[in-house]
There are 2 protein chains.
Amino acid sequence: MAQRVKLSTIGEALGLSTATVSLALRDSPLVADVTRERIKEAARELGYIYNRRAASLRTSRSGIVGVCVHDVMNPFYGEILKSIESELDRHRQTFILCNHHDDLSKQRSFTDTLLQLGADGAILSPALGTPAADIRLAEENGLPVILIARTIEGAGVEGFRGDDAYGMGLAVDHLVSLGHRSIAMIGGTRATSTGREREAGYRAGLERGGIAFRPEWRIEGPRDRHSGFASASEFLALPERPTAIVCFSDLVALGVMYGLARGGVRPGIDVAVVGYDDIEEAEIAMPPLTTVSNGQSEVGERSASALLQRLQGVEAAERTTLIEPQLRVRQSCGAPLPR
Amino acid sequence: MAQRVKLSTIGEALGLSTATVSLALRDSPLVADVTRERIKEAARELGYIYNRRAASLRTSRSGIVGVCVHDVMNPFYGEILKSIESELDRHRQTFILCNHHDDLSKQRSFTDTLLQLGADGAILSPALGTPAADIRLAEENGLPVILIARTIEGAGVEGFRGDDAYGMGLAVDHLVSLGHRSIAMIGGTRATSTGREREAGYRAGLERGGIAFRPEWRIEGPRDRHSGFASASEFLALPERPTAIVCFSDLVALGVMYGLARGGVRPGIDVAVVGYDDIEEAEIAMPPLTTVSNGQSEVGERSASALLQRLQGVEAAERTTLIEPQLRVRQSCGAPLPR
DNA sequence: CTGAAAGCGCTTACAG
DNA sequence: CTGAAAGCGCTTACAG
C-alpha cells in the first residue's frame with residue numbers, strides 16, 4: 001500500500017525535486033526562503049505525513065528512546081519517568097515505555113525490539129538478575145544504555161541512583177535520636193542492589209547506635225503496598241515487638257501502616273514507621289509519612305541528559321552517580337499530628 | 001552507517017539469495033527444511049538483528065500499537081494498561097505508551113508520531129476537549145483508533161468504557177438504603193464524558209431516593225488524591241454537613257478520607273465515603289473503601305482485541321460498549337471495621 | 001525449492 | 001540555490 005502523499009507528490013505539484021523538498025521541510029539554509037515557504041505550504045495543504053521509517057532507514061537515526069522499568073505504575077518510577085519524559089520531549093525524542101516486572105525475558109524482548117527499530121538509546125532500571133552481557137550486547141549493536149535505580153557490576157555503562165545505604169542510615173539515625181532501641185526493617189530483597197544497599201544502611205545505622213542486628217526483626221520480601229500490608233500481621237505476631245520500623249519503600253510503609261491500623265496498633269503513636277522514596281502520597285498519608293527523599297526527579301533528569309549527551313557523540317563514561325538522599329520528617333515516627 | 005549483519009551478509013556466507021534468507025527467517029514453507037535450519041543457524045551465529053524499519057517500509061506494517069491515556073501512573077489506567085499489554089504481547093505487537101495529561105497538543109504530537117512510524121493502530125483515552133476531527137484524521141491516514149474510558153461524539157470509532165451513570169447510581173442507591181438523606185458528591189468535571197455521566201448517575205440516584213439535589217453539596221473539580229485531600233476541608237466547612245459522600249474516583253475518595261481524618265472526622269464512622277473504580281488499594285485503605293468496580297481489565301482486554309480484529313481487516317464498528325459496573329461494599333460507608 | 005529485480009520513501013554526496 | 005542518482009535493508013511478485 002503506497003503512501004498517499006510523499007516528498008515526490010509535493011515535488012511534482014510544485015515542479016521541484018524531492019531533494020529540495022526534503023531539505024526545505026527540514027529547514028536547510030540551502031533552500032531559498034520563498035521556495036521553502038511554498039513547499040511547507042504545499043505540504044500542509046496536501047496533508048503530508050513524514051515517513052520516519054524511510055528517513056531512519058536512510059540515516060540510521062530513529063528519534064526513539066526506550067525506557068524500561070519494573071513497573072510504570074509504581075509512583076517511585078512514575079516520578080523518574082516524568083522527568084525523563086520532559087527532558088526527552090524537549091529534544092524531540094519519542095519515548096517508548098515498557099514494564100519488565102522483573103522478568104528477564106520481557107526485558108530482552110524489549111531491548112530486541114529497540115534494536116530492531118533502530119532506537120537511538122535506552123534508559124533501563126534493569127530487571128532482577130540482568131547479566132552484564134545483556135547490556136553489553138545492546139551497546140555492541142549500537143544501542144547506548146543508561147542505568148537507573150539499580151547497578152550492574154561490569155556492565156560498563158553510566159548509571160544514576162540514590163545513595164541507598166546512606167539514605168537508610170539517615171532514617172535509622174533519626175529513629176535512634178528519638179530514643180528507639182528496637183528497630184525492625186520490613187521489605188526488600190537481597191536480589192537487587194537497591195535491597196542490598198538499603199539493608200546495609202539499616203545495619204550500619206544500628207551499629208552506629210550501638211544496637212545489635214536481630215534477624216527476626218528483619219522481615220524480607222515486601223516490595224509493594226499489598227505485601228507491606230500483609231507483613232504487618234507478621235510484625236504484630238513478633239514475640240518481642242520493636243518500637244520502630246524502617247521500610248524498604250514508601251509503598252511498603254503505607255501498606256504496613258494501614259495493616260498496623262487494621263490490627264489496632266496506631267502508626268506514629270504506638271509504633272514509629274519510616275518509609276523510603278518520598279513519593280507524593282507520603283505527605284497526605286494517615287499519619288503523614290516520615291521518609292527519605294530519593295531524588296527521583298534528579299535521577300530522571302540526569303539519566304536523560306546523559307543519554308542525550310551520548311547521542312551527541314560524547315563517549316560513554318563507566319560510572320555510577322549517587323544522588324544524595326534527604327530525610328523528610330513527618331508524623332509517622334512519633335511527632336504529634338497537626339490539627 | 002551501514003548495518004553490520006543483514007540478510008545479504010547471511011546470504012553471502014551461505015551462497016544463497018537474500019530472498020531465500022528472508023523467507024527462511026520468517027518460516028515460509030517455500031524454503032526447504034535443511035536450508036531453513038542452516039540459515040537460522042547462520043543468523044544466530046552472525047548475531048543478525050532484524051531491521052524492522054526496512055521491513056515496515058516495504059510492507060507498511062510496523063507491529064507497533066500506540067496507547068495514550070491521561071496518566072499511566074493513575075492506578076485506574078494502570079489496570080487497563082496491564083490487560084492491554086498482555087493481550088498485545090500475545091500477538092507480538094510492540095506497544096508505545098504516552099501520557100497526554102489532558103493536553104491536546106501532547107496527544108496530537110503522539111498521534112503524529114504514530115502516523116510517522118506507521119503504527120498499526122492506537123488505543124486512546126482521549127484528552128479533554130479532543131475534537132472528533134482529530135480521530136478522523138488519524139483514521140483517514142490509516143491509523144485505526146479504539147477509544148477507552150471516554151467517548152467522543154461523532155468520532156465514528158469503536159469504544160469501551162464502564163457504564164458510569166449506572167455505576168454511580170448503584171453507589172447512591174446503597175447509601176440511601178443505609179438511611180442517608182444528605183449525600184455530597186466530590187470531584188470530577190463536566191468537561192469529560194466520565195464526569196458528566198457520573199454526575200448524572202448521582203443526580204438520578206438522588207431522585208430515585210426522593211432527595212433534592214443541592215448545588216452546595218456538589219464539590220466539582222478534584223480528580224486525584226491530592227485535590228481530594230484538599231477538598232476535605234471544603235467539605236468540613238459546609239454549614240450543614242452531609243452524612244455521606246460519593247466521590248468521582250477512588251483516588252479522590254482516598255484523599256478525601258485522609259483529609260477528613262486529618263480534620264478529626266472519622267471516615268466510615270462519622271461520614272460515609274464511597275469511591276469509584278475499585279483500584280487495588282481500595283481494599284487495604286483505612287478504612288477499606290466501598291466503591292464501584294469499573295471493569296478496568298475488561299475494558300483493556302476488549303479494546304485490545306477489538307483493535308487486533310481491525311488489524312485483521314475487520315471493518316470498524318461505530319459503537320461504544322458499556323461494561324456493567326458492580327458495587328463493592330466495604331467499611332468506609334459505615335459497616336463496622338473487621339479486627 | 002531458489003534467485004534476480006524492483007520498489008517502499010527518504011537523505012546525501014555530487015554536479016551544475 | 002536546485003536536481004539527478006544512489007542507496008539504506010527489507011519483501012514480493014515473477015521466473016525458472
Side-chain angles (χ1 to χ4, degrees), chain A residues 1-40 42-43 46-64 113 115-120 141-142, chain B residues 1-40 42-43 46-64 113 115-120 141-142:
Chain A
M1 220 190 320
Q3 192 165 311
R4 206 166 47 82
V5 181
K6 44 199 167 189
L7 290 188
S8 63
T9 318
I10 301 174
E12 280 161 22
L14 261 37
L16 290 165
S17 73
T18 61
T20 306
V21 176
S22 169
L23 291 169
L25 290 179
R26 282 171 303 126
D27 288 319
S28 162
L30 286 175
V31 180
D33 287 4
V34 270
T35 318
R36 178 169 55 247
E37 287 318 310
R38 278 175 62 215
I39 290 175
K40 289 201 167 182
L46 293 167
Y48 170 67
I49 290 170
Y50 181 60
N51 189 326
R52 269 164 75 157
R53 352 195 248 286
S56 135
L57 180 58
R58 182 58 228 255
T59 61
S60 60
R61 265 281 215 151
S62 63
I64 292 177
T113 299
L115 255 10
Q116 294 177 0
L117 291 174
D120 295 337
N141 284 287
Chain B
M1 223 188 319
Q3 193 164 310
R4 209 167 43 85
V5 181
K6 42 199 168 189
L7 290 188
S8 63
T9 319
I10 301 175
E12 279 160 24
L14 261 37
L16 290 166
S17 73
T18 61
T20 305
V21 176
S22 169
L23 292 168
L25 290 179
R26 282 173 300 127
D27 288 317
S28 161
L30 284 174
V31 180
D33 287 3
V34 270
T35 318
R36 178 171 51 246
E37 287 318 310
R38 280 177 59 216
I39 291 174
K40 288 199 169 183
L46 293 167
Y48 171 66
I49 289 169
Y50 180 62
N51 189 325
R52 270 163 76 157
R53 359 197 243 285
S56 134
L57 181 57
R58 182 57 228 253
T59 62
S60 60
R61 264 279 214 153
S62 63
I64 292 176
T113 300
L115 255 10
Q116 294 177 0
L117 291 172
D120 295 336
N141 284 286

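Chain naming here is simple, since letters A, B, ... match the order of the sequence lines and numbering starts at 1 in each.
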Quiz item: When you check the phosphate oxygens OP1 and OP2 of dC1(D), does a side-chain N or O of R38(A) lie under 4.0 Å from one of them?
Solution: no
Practice problem: Give G118(A) one of three labels, base, sugar-phosphate or nothing, depending on what nucleic acid heavy atoms sit under 4.0 Å from its own. | Solution: nothing
Exercise. Please check if the side chain of S22(B) supplies one atom and the backbone of T18(B) the other of a donor-acceptor pair under 3.5 Å.
Key: no
Self-check item: Atom-pair distance (CG on N51(A); P on dT11(C)), nearest Å
Solution: 9 Å
Quiz item: So what does T35(A) touch, heavy atoms closer than 4.0 Å: a base, only the sugar-phosphate, or nothing?
Solution: sugar-phosphate
Quiz prompt | DNA chain C: 5'-proximal contact among T20(B) and L7(A) (nearest heavy atom) | solution = T20(B)
Practice problem: Measure from the side chain of L57(A), starting at C-beta and using heavy atoms only, and say which of dT2(C), dG9(D), dC10(C) lies closest. | Solution: dG9(D)
Exercise. Take the protein atom CG of L14(B) and the nucleotide atom P of dC1(C), then report the distance between them rounded to whole Å.
Key: 17 Å
Quiz item: Base, sugar-phosphate, or nothing: which does S56(A) touch, judged by heavy atoms less than 4.0 Å apart?
Solution: nothing
Quiz item: Of the nucleotides dG9(D), dT12(D), dC10(C), which has the atom closest to the K6(A) side chain?
Solution: dC10(C)
Practice problem: Remember a base hit wins even if backbone is also touched, and classify G11(A) as base, sugar-phosphate or nothing at under 4.0 Å, heavy atoms. | Solution: nothing
Quiz prompt | Gap between atoms CZ and P, on R52(A) and dT11(C) respectively (whole Å) | solution = 12 Å
Exercise. Examine distances only and state if a side-chain atom of R52(A) and a backbone atom of S62(A) form a donor-acceptor pair shorter than 3.5 Å.
Key: yes
Quiz item: Separation of L23(A) atom CG from dA4(D) atom P, in whole Å?
Solution: 14 Å
Practice problem: Mind listing the closest non-hydrogen atom pair of Q3(B) and N51(B) along with its distance? | Solution: OE1-ND2, 2.8 Å
Practice problem: Hunt down the Watson-Crick or G-U wobble partner of dA13(C), both distances under 3.5 Å, from any strand shown, or write none. | Solution: none
Practice problem: Kindly point out which of dG9(D), dG9(C), dG3(C) is positioned nearest to the side chain of R58(B)? | Solution: dG9(D)
Quiz item: So, for T20(B) and T35(B), which heavy atoms are closest and what is the spacing to 0.1 Å?
Solution: CG2-CG2, 4.3 Å
Practice problem: Return the 5'-most residue of the pair T18(B), D33(B) with respect to DNA chain C, ranking by each residue's nearest nucleotide. | Solution: D33(B)
Practice problem: Give one of base, sugar-phosphate or nothing for A19(B), where a contact means two heavy atoms less than 4.0 Å apart. | Solution: base
Practice problem: Would you name the heavy atoms of A54(A) and L57(B) that are closest together and state the gap between them? | Solution: CB-CD1, 3.7 Å
Quiz item: OP1, OP2 of dC8(C) versus side-chain N and O of R53(A): anything below 4.0 Å?
Solution: no
Quiz item: What's the CZ-C1' distance between R61(B) and dG9(C), to the nearest Å?
Solution: 20 Å
Quiz prompt | side chain to side chain contact (heavy atoms under 4.5 Å, CB included) evaluation trace for L46(A) with R4(A) | solution = CA-CA 9 Å; L46(A) 293 167; R4(A) 206 166 47 82; over 6 Å; no
Quiz item: Quick one: is S22(B) getting a side-chain N or O under 4.0 Å of the dT11(D) phosphate, OP1 or OP2?
Solution: yes
Quiz prompt | Whole-Å distance separating the CD1 atom of I39(B) from the P atom of dT11(D) | solution = 12 Å
Exercise. Name the closest nucleotide to the A54(A) side chain, picking from dG9(D), dG9(C), dC1(D).
Key: dG9(C)
Practice problem: Please state how far atom CZ in R36(A) lies from atom P in dT2(D), giving the value in whole angstrom units. | Solution: 10 Å
Quiz item: Between atom CG in L30(B) and atom C1' in dA15(D), what is the gap in whole Å?
Solution: 14 Å
Quiz item: Does Q116(B) put a side-chain nitrogen or oxygen below 4.0 Å from OP1 or OP2 of dC10(C)?
Solution: no
